[in-house]
Q: 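Sending over a structure as C-alpha cells; questions will come in a sec.
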Amino acid sequence: MASSDTFAYLRSRYFPDHLVGEILSKRWIDNAIPFSALVLTVVVLGAVIPDFLSISSLSDLARQFAEFGLVVLALTVVMISGGIDLSVASVFSLAVLFSLIGINVYELPVPVVLVGIVVMGMGCGAINGILVGYLRLRAFLTTLVSLIIFRSIYEIVFVRMSTSIMSGFSMSDMWLFIGEGTIFGVPTSLVITLAIALAWHLILSRMRPGWRLTAVGGARRSAFNAGIDVRFMVFLTYVVSSAMCALAGFLFAARLGSTGSDTGVGLEVQALTAAVLGGTAIGGGRGSVAKAIIGSLLVLMLTNGLINLGISGPITSTILGGILLFAVFVDMRWQKHRHRILAKVYVSPAYLALPPAPKVDAPGSPYVLNDRLRSVEIIGLGEIEGPEDVILDRDDNLYCGTRHGDIVRFFGPDHKRSEVFAHIGGHPLGMAFDRAGNLLVCIGGMGLFQVAPDKTVTKLTDETNRSWTSVVDDSRLRLADDVDVAPDGRIYFSEATIRYEQEDWATDALESRPSGRIICYDPRTGKTNTEIPKLVFANGVAMCADGQSFMFAESWTCSISRYYFDGPKKGQTEKVLSNLPGYPDNINRASDGNYWLALLGMRGPALDLALRMPGFRKRMARRVAPDQWLYPNINTGCVVKFNEKGEILDNLWDLGGLNHPMITSMREHKGWLYLGGVSNNRIGRYRLPDADPNWCAQDAYWGPRP
Amino acid sequence: MIGAIKRAWANFRGFDLTGSTVPPMDGPLRPNAKLDGFPVLLKLDDVDNLTAAGGRILCSVGADLLTLSEDGSAQGLSVASTETLGGTITAIAASGDLVAVAIEGEGIRLEGQGPARLLEAGRRNRACVTALAFADSGTLFVAVGSDRHPAREWKRDLMTKTAAGSVWRVDLDTGAAVEIASGLAFPAGIAVSGGRVFVSEAWRHRVVAMGADGSGRRTVLDRLPAYPGRIVPAAGGGFWLAMFAPRNPLVEFVLKEDAYRERMIGTIEPDYWIAPSLVTGRSFLEPIQGGARKKLNMLKPWSPTWSTGLVVRCGDDMAMLRSYQSRADGEVHGVTSICETGGRLLAGAKGSGRIVAIDEPAETT
C-alpha cells in the first residue's frame with residue numbers, strides 16, 4: 001500500500017467526514033449560530049464583569065427571563081404563523097397595571113386576578129386576531145395601531161390610579177410566592193415559563209396544531225389548499241400571544257409590586273431582537289421554542305451586561321439595534337446558502353481498495369462475453385418504467401414494480417395483458433412470496449409492505465431500532481431494497497444505505513461507505529431489528545436451501561456473503577464471492593440449486609482507482625456538477641450463475657446494453673429467465689436451454705399449491 | 001503570496017482562474033444532430049486524413065494510404081487502391097498534383113515532383129506531424145503536435161499537460177526547415193490563407209494566426225468548448241474546422257488533480273482514462289458520468305460524453321458561423337479530417353469509422 005493510500009485509509013477509517021453533512025442536514029443546526037453566540041456572550045461577560053455568574057445575579061436573571069422569555073415566546077408563535085405582533089409590550093404593561101389594581105387597590109383574590117388578566121390579554125389578542133386574521137389587515141400596521149391604543153389606555157389609567165397603587169399593599173402569600181418564592185430553589189415564575197415553553201415545544205414539534213401553524217406561516221396558500229383553516233389559525237396565534245404577554249405582565253407585577261410610566265416601553269423591539277437573534281424567520285414558517293429561549297437569554301444578558309458596564313440606556317438600545325440588523329443579515333445569508341453548503345459537503349467518500357478486477361475476456365476466465373441477452377423476448381415495452389424486481393406466481397402471472405408506485409401484474413402465460421395489481425405510492429424494489437401467497441415488497445423510502453392475493457395492502461414495517469451512534473435517523477427505512485423469507489416466516493430484507501434517498505442511490509457508490517444493513521422483521525412478534533449493520537450498499541438477499549442462512553450482496557465491494565441466522569453457525573458471515581467484475585444486485589434461486597445473480601453494472605479501472613482516493617472524489621463532488629460525476633458504469637449489465645462454493649457457472653450478457661442496459665434482477669420460472677432493471681422500460685424473457693421446464697420458485701420455497 | 005491568496009479566494013468562491021470552465025455550446029455551436037442526418041458514403045474503421053488531391057480523394061487507415069473513388073451509384077465511395085507505407089500515416093496535404101504524406105518514424109514523403117523523396121522537416125519529432133499545409137508549390141507548413149509523444153498518443157500528451165508543439169516552414173527546393181512557432185499546446189491543424197498561417201492549438205482550445213515567418217501571432221478564436229483539430233480553407237472563402245473531441249468538466253477537473261492523473265496515466269490503459277476520446281461506448285471498462293446513465297433504455301443526446309462529432313464553418317477571420325454535430329447518442333464521432341471535392345464536403349469520422357457528405361443547401365448564413 002502506498003503511503004498516500006495508507007493515509008487515505010486511516011483518515012477515512014477514523015475521521016468521521018460524513019458527520020459534517022449529516023449534522024448540517026439536521027433541522028436543529030439552525031440554532032448553532034445563535035447558540036455559539038450565546039456561549040460566547042456568557043464567556044466574555046463572565047470574564048469582564050465580576051459577579052456576572054454569581055448566584056444572586058443568576059437568580060435575578062432567571063426572574064427577568066421568566067417574563068421576557070414569555071413575551072419572546074408569544075412573539076415567536078405569531079411570527080411562525082407568518083405575522084408579527086408589535087402590541088406585545090402594550091399588553092404586557094396593561095397587564096402589569098391591572099394586576100396591581102386588582103391586587104393592591106381592590107384586593108381581589110390572586111387566582112381571580114390571574115384569570116381576569118389572562119382573559120384581558122385574550123381580549124386584546126382577539127382584537128388583533130379579528131383584524132389581521134379575518135379582515136385580512138396588514139399585521140404590521142394593525143399591531144402598531146393597537147400598540148398605540150393599548151399604550152394610551154395604560155397612560156390614562158396609570159395617571160388616575162398610580163397613587164392608590166402605591167399606597168395599597170397585598171398580604172397574600174400566593175402573591176408573594178409567585179413574585180419571590182422558589183420551587184426547589186427555582187424561582188416560581190421561571191417554573192411557570194419553562195412549563196409553558198415545554199408545552200409549546202411539544203405542540204410545535206410533535207402535534208398537529210403546531211405543524212399547521214408552521215404550515216400557515218411557511219406557505220399560506222398551500223396550507224389553505226391542504227384544508228387548514230388559515231384565518232382561524234392566524235386569529236388564534238394573536239389570542240394566545242397576547243394571553244402569554246398578559247401572563248408575563250402578571251409575573252412582573254408580582255415581582256416588583258409597582259409600575260412606572262416607562263414600564264414596557266421599548267419591550268417590543270427587545271423581544272423582536274431576541275426572536276430574530278434566536279433564528280425565528282420574520283417571514284414565517286421557521287421558529288422554535290429553543291430559538292426563542294436562546295434569543296431571549298442572549299438579549300437579556302447583553303442588556304444586563306451593558307448596564308453593568310455602565311453604558312447608558314440609549315447607547316444600549318443602539319447596540320441592540322445594531323445586533324438586530326446583524327442578526328437579520330446573517331439569517332438571510334444562512335438561509336440562502338445552507339442548502340448549497342449542504343449539497344457540497346454531504347457526499348463524503350470513504351477509502352475502498354478493490355483488488356484489480358478480473359479480466360473477463362482473458363482465456364480461462366469463468367466469465368465469457370456473449371450477447372445472449374440481446375435477443376430476449378420483451379414484455380411490457382413502454383407500459384412500465386423501472387421494474388427493479390420481477391416475480392412470478394404459480395399461475396405464471398408476472399409481477400413487477402414501477403416508478404409510478406404501482407405493482408403491475410402481467411397475466412400468464414403470454415404476459416400480453418396487464419393490470420395495476422396494487423398502488424402503494426413508492427417505487428417497489430425487491431419482492432418475495434411468503435407461505436400464504438402474500439407478496440412482500442420493499443419500497444424505497446417507505447419500508448416493507450405486504451400485498452395479499454386479494455390486493456389488500458398492509459404496511460409491515462417502516463422502522464427499525466435506532467442505533468446510538470448514528471447522527472442521521474437510522475430508525476427510518478430509506479431504501480429497503482431486496483427481501484426474502486425464511487421457512488419460519490421471518491422476513492430478511494436489505495437496506496442499501498441510510499444516507500441517500502431512492503433516487504440518489506448511485507451517489508452512494510461515490511461514497512462506498514458502509515451505510516447499508518440487513519434487517520429482520522418477525523411477523524410473529526411484529527418486531528423489526530437490524531440483523532447485520534455496516535454493509536456497503538446491501539443489496540440482493542436470497543435464502544439458501546438449508547433454511548438457516550441466506551446469501552446477500554454488497555454492491556460497491558463487489559462481493560457476495562452468506563449469513564447464518566440459525567443452526568450451529570448462527571451469527572456467522574462467510575464470504576462466498578469477492579472481486580466480481582461488476583456490482584452485484586439481486587440474487588435469486590435457480591432451478592438446479594444454484595443462484596442467479598444480476599450485475600447491475602460493470603467496474604471500470606478509472607472508478608476503481610478513484611475509490612482508493614477519497615480526497616479526489618470529495619473534491620469532485622464539490623467542484624463538478626452531479627451530472628458530470630464519475631459513476632459506476634451501469635449501462636452494461638449481465639447475469640451470472642454461481643453456486644454455494646462461490647464458483648461462477650454461467651454468464652448472460654447484453655454488451656453495449658441495447659436491450660437491457662442495466663439488469664437489477666432476474667427470476668427463473670418454468671424454463672425461462674425474466675429480467676428486470678431499475679431504469680429500464682421493459683422486462684426481458686430469456687429461454688434457458690437446459691433448465692427444468694416445470695420449476696416454479698414459489699413451489700420450491702413453500703411446496704406445491706396447498 | 002498574493003497569487004496564493006487569490007487562488008485560495010477563488011477556490012473558496014468558486015471562481016475559475018485557469019480557464020477550465022467549459023463554455024456552453026451556444027451561438028453557432030447550438031446543439032444539433034445534423035451530422036447524423038447526412039448520408040454515410042463509406043464505412044471505414046479508423047479513417048483519417050481525408051484529402052482532395054487533384055481529382056482524387058485520399059485517406060489513410062493506419063499505415064495504408066487509400067485512394068477513394070465514387071461509386072457507380074454516384075452517391076457512395078469505394079476504395080480504389082491501397083498502398084502500404086512504412087509507418088502510420090499521421091497527416092496528408094495536397095496542392096495540385098503535389099502530395100505530402102507524414103509517416104510516423106520516417107518523415108514527410110513528397111510525391112508528384114519527380115521521384116518521391118523524404119523531407120527532413122519537423123526534425124524534433126518525426127512521429128508527431130499532425131497537420132501539413134502547402135502555401136504554394138514551393139513551401140510547406142508543418143505542424144508538429146508534440147516533441148514528447150507520437151501523434152497516436154495525443155491523449156497522453158493532453159493528460160500530461162504537455163505544451164511542446166511547434167510549427168515549421170519548409171522550403172521544398174532547398175529542404176531547409178525553419179521553426180516559426182514553438183511551445184504550442186498540440187497544434188493539430190494548420191491552414192494557409194491570404195499570407196497568414198492559421199494553427200489550431202488543441203489543448204488551449206483556440207486557433208492562432210501568424211505571418212509566414214511566425215510574426216504577429218494572435219488568437220483568432222478561443223474559449224472553444226471542444227478541442228480544435230484540422231483546418232481546411234473553404235471554397236467559398238473562410239474555413240472548415242473539425243473539432244475532434246469535446247471538452248468535459250470532469251476532464252478539466254482531472255487535469256487539476258495531479259495525484260489522480262499520475263496514477264491514472266501510470267496504471268490504466270489510455271482507452272479507459274477519464275479523458276476525451278474519438279469514440280465512446282466500445283467497452284464497459286470505460287468510465288461514465290452520472291448524466292450518461294441510460295434511463296428507460298435510452299442514452300440522452302445531452303449526456304456528458306467523452307466524444308462527439310463537430311464540424312464548424314468559419315468565416316475569413318475564423319469567426320464561427322454554423323456547425324454540424326453528432327451528439328452523445330450519435331454515430332459520427334471523432335471527426336478528424338474534412339475535404340471539399342466536387343462541390344461536396346466530406347467529413348471523415350475517425351472515431352466512428354465513417355465518411356459522411358455534408359451537403360446542406362449551403363449558405364443560409
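Letters A, B, ... are given to chains in the order of the sequence lines, protein chains preceding strands, and every chain is numbered from 1. Because only heavy atoms are used, hydrogens play no part in the values below, and waters and symmetry mates are left out as well, while side chains stay in.
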Q: For the OH atom of Y631(A) and the CG atom of L250(B), what is their distance to the nearest 0.5 Å?
A: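 So the OH of Y631(A) and the CG of L250(B) are separated by 11.5 Å.
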Q: Under a 4.5 Å heavy-atom cut-off, does chain B meet the side chain of L510(A), its backbone, both or neither?
A: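 For L510(A), no heavy atom lies under 4.5 Å from chain B.
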Q: Heavy-atom distance under 4.5 Å to chain B: side chain of M620(A), backbone, both or neither?
A: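 When you check distances to chain B, atoms from both the backbone and side chain of M620(A) fall under 4.5 Å.
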Q: Measure distances from P605(A) to the heavy atoms of chain B and classify the residue's part below 4.5 Å as side chain, backbone, both or neither.
A: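 For P605(A), the contact with chain B is made by backbone and side chain together.
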Q: Of the non-hydrogen atoms in T267(B) and L609(A), which two are nearest, and what is the gap between them?
A: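 Between these two residues, the closest heavy atoms are OG1-CD2, 4.5 Å.
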Q: May I ask you to check whether over 12 heavy atoms, not counting those of R338(A), lie within 6.0 Å of atom CZ?
A: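 Yes, the 6.0 Å shell around CZ holds more than 12 heavy atoms from other groups.
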Q: Please flag which part of R622(A) lies under 4.5 Å from any non-hydrogen atom of chain B: side chain, backbone, both or neither.
A: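 Nothing of R622(A), per the 4.5 Å heavy-atom cut-off to chain B.
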Q: Distance check, rounded to the nearest 0.5 Å: L607(A) atom CG versus E286(B) atom CD?
A: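 So the CG of L607(A) and the CD of E286(B) are separated by 14.0 Å.
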Q: Checking F253(B) against chain A: side chain, backbone, both or neither under 4.5 Å from a heavy atom?
A: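 Only the side chain of F253(B) comes within 4.5 Å of chain A.
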Q: Apply side-chain contact (heavy atoms from CB on, under 4.5 Å) to residues L630(A) and Q289(B) and explain how you reach the verdict.
A: CA-CA 5 Å; L630(A) 182 64; Q289(B) 290 165 275; 5.7 Å; no
Q: Take a 6.0 Å sphere around CZ of R685(A) and say whether it holds more than 12 heavy atoms from other residues, nucleotides or ligands.
A: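 Counting other residues, nucleotides and ligands, CZ of R685(A) exceeds 12 neighbours.
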Q: Regarding D627(A) and R293(B), does a basic nitrogen lie under 4.0 Å from an acidic carboxylate oxygen?
A: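 Salt bridge between D627(A) and R293(B), a charged N being under 4.0 Å from a carboxylate O: no.
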Q: Can you check side-chain contact (heavy atoms from CB on, under 4.5 Å) on N635(A) and F284(B), steps first, answer last?
A: CA-CA 8 Å; N635(A) 286 351; F284(B) 54 72; over 6 Å; no
Q: Is it the backbone or the side chain of A625(A) that comes under 4.5 Å from a heavy atom of chain B, or both, or neither?
A: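 Neither; nothing under 4.5 Å.
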Q: Of the backbone (N, CA, C, O) and the side chain (C-beta and beyond), which part of R623(A) lies under 4.5 Å from a heavy atom of chain B, both, or neither?
A: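 Contact with chain B is through the side chain of R623(A) alone.
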Q: Got a second to check how far N681(A)'s CG is from K295(B)'s NZ, nearest 0.5 Å?
A: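 N681(A) CG to K295(B) NZ: 13.0 Å, rounded to 0.5 Å.
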Q: For I268(B), is it the side chain, the backbone, both or neither that has a heavy atom under 4.5 Å from a heavy atom of chain A?
A: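 Looking at I268(B), just its side chain touches chain A.
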Q: Contact part of P581(A) toward chain B, heavy-atom cut-off under 4.5 Å: side chain, backbone, both or neither?
A: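 When you check distances to chain B, no heavy atom of P581(A) falls under 4.5 Å.
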Q: Return yes when atom NZ of K161(B) has more than 12 non-hydrogen atoms of other residues, nucleotides or ligands closer than 6.0 Å, and no otherwise.
A: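 Counting other residues, nucleotides and ligands, NZ of K161(B) exceeds 12 neighbours.
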Q: Could you tell me which portion of V678(A) (side chain, backbone, both or neither) has an atom closer than 4.5 angstrom to a non-hydrogen atom of chain B?
A: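 V678(A) has no heavy atom closer than 4.5 Å to chain B.
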Q: Given side-chain contact (heavy atoms from CB on, under 4.5 Å), test R263(B) with R612(A) step by step and report yes or no.
A: CA-CA 11 Å; R263(B) 288 175 76 170; R612(A) 293 163 175 264; 3.9 Å; yes
Q: Which atoms form the tightest heavy-atom contact between Y272(B) and A606(A), and what is the distance?
A: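 Scanning both residues, the minimum pair turns out to be O-CB, 3.7 Å.
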Q: Counting heavy-atom pairs closer than 4.5 Å to chain B, which one of H660(A), R682(A), M662(A) comes out on top?
A: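 Of H660(A), R682(A), M662(A), R682(A) has the most heavy-atom pairs under 4.5 Å with chain B.
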Q: Please flag which part of L369(A) lies under 4.5 Å from any non-hydrogen atom of chain B: side chain, backbone, both or neither.
A: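 Contact with chain B: side chain only.
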Q: L285(B) and R603(A): which non-hydrogen atoms are nearest, and at how many Å?
A: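 In this case the closest contact between L285(B) and R603(A) is CD2-O, 3.4 Å.
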Q: Please examine the side chains of L296(B) and S679(A), heavy atoms only from C-beta on, and report whether any two atoms are closer than 4.5 Å.
A: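 No, their side chains stay 4.5 Å or more apart.
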Q: Identify which part of S283(B) has an atom lying under 4.5 Å from any heavy atom of chain A, answering side chain, backbone, both or neither.
A: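 Just its backbone gets close to chain A.
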